[in-house]
Undergrad: 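Could you have a look at this structure, given as structure tokens, before my questions?
In what follows, chains are A, B, ... by sequence order, proteins preceding strands, each numbered from 1. We use all heavy atoms of the structure for the numbers below, so side chains are in, but hydrogens, waters and symmetry mates are not.
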Amino acid sequence: MLKIRDLHSWPSTESEAVAIQQRLRPLVRVETPTATPRTAAGLDVAYRDGDALVAVVTVLDIATLAVLDSVVLRSTTTFPYVPGLFAFREAPALLRALERLTVLPDVLLCDGQGLAHPRRFGLACHLGVLTELPSIGVGKTPMGPFDAPEDVRGAWTPLALDNDVVGRALRTQAGVKPVFVSVGHRYDLDAACALVLRLAPRYRLPETTRTADHLGRIN
DNA sequence: GCGACAG
DNA sequence: ATCTTGTCGC
């Protein structure tokens, strides 16, 4: 159902990984989404003892937050955790999980950064470019400094890296830390923040990531 | 050279 | 990410 573009093989060294990011970075497209999305996917990976991991993808109906589909895939670690090269650790398993989806989502919400990345090619960009699906990065920790948005749901401040605005620190609830939203592929920052707010009516993180995280813990 | 650094 | 007690709040 979902086609994964064969743009590169999975590297085993950091320098190869960086070269792939630099080669794929120009393929990212920032654009206003054509239509209002009806479904959104949450992607997450849980780690187990040793090199075992569990990749989870859930598809929710944005209007009702009902879970329409979910895939839980057990796999194993292929690349160490290196800040800036996160996709090479999590994307292989997440892509295999995405291929097993029955309901194709209108947009991907990734657990990590998109353009808010040192080379402007975080996990959300990587998954977006390889699937050609619109994608958004929702991180719990920023990769750079930021000014705290006011403590009101919906408040935000720009996230800058070097001299570019690469994302936003977005307050999804008063009294909790903001989340860090950036474009992954085929989306824009305003629409991304609006969607994250709709998906997080009650908690800090969007329901998509919460359900995916939950499934990863119990499986 | 040293520290910082998505999950 | 994961390892973990108690505590505050709905």
Undergrad: Which residue, Arg210(A), Arg89(A), Lys140(A), forms the salt bridge (Lys or Arg N to Asp or Glu O under 4.0 Å) with Asp111(A)?
TA: Lys140(A)
Undergrad: Write down the distance between CZ (Phe146(A)) and C1' (dC5(B)), rounded to a whole number of angstrom.
TA: 15 Å
Undergrad: Which part of the nucleic acid, if any, lies within contact of Gly139(A), taking any heavy atom under 4.0 Å across all strands shown: a base, the sugar-phosphate backbone alone, or nothing?
TA: sugar-phosphate
Undergrad: Calculate, to the nearest 0.5 Å, the distance between atoms CG and CD1 belonging to Leu108(A) and Ile136(A) respectively.
TA: 9.0 Å
Undergrad: Given dC5(B), is OP1 or OP2 found less than 4.0 Å from the side-chain N or O atoms of Thr141(A)?
TA: no
Undergrad: So how far is it from Leu104(A) CG to Thr131(A) OG1, rounded to the nearest 0.5 Å?
TA: 8.5 Å
Undergrad: Starting at CG of Leu161(A) and ending at C1' of dA6(B), how long is that distance when rounded to a whole Å?
TA: 11 Å
Undergrad: Between Thr209(A) and Asp44(A), is any side-chain donor less than 3.5 angstrom from a side-chain acceptor?
TA: no
Undergrad: For Leu205(A) and dG7(B), give me the distance from atom CG to atom C1', rounded to whole Å.
TA: 13 Å
Undergrad: In whole angstrom, give the distance that lies between atom CZ of Phe88(A) and atom P of dA6(B).
TA: 17 Å
Undergrad: Identify the pairs formed between an N or O of the protein and an N or O of nucleotides 1-8 of chain C at a distance under 3.5 Å, and give each distance.
TA:
unit_1, atom_1, unit_2, atom_2, d
dA1(C), OP2, Lys140(A), NZ, 3.2
dT2(C), OP1, Tyr47(A), N, 3.4

Undergrad: Between P on dC5(B) and OH on Tyr81(A), what's the gap in Å once rounded to a whole number?
TA: 10 Å
Undergrad: Identify, with sequence neighbours excluded, every residue that meets ring-ring contact (aromatic ring centres under 6.0 Å, His included) alongside His117(A).
TA: none
Undergrad: Could you work out, with salt bridge (Lys or Arg N to Asp or Glu O under 4.0 Å) as the rule, every residue matching Asp61(A), not counting sequence neighbours?
TA: Arg38(A)
Undergrad: Starting at CG of Leu109(A) and ending at P of dG7(B), how long is that distance when rounded to a whole Å?
TA: 14 Å
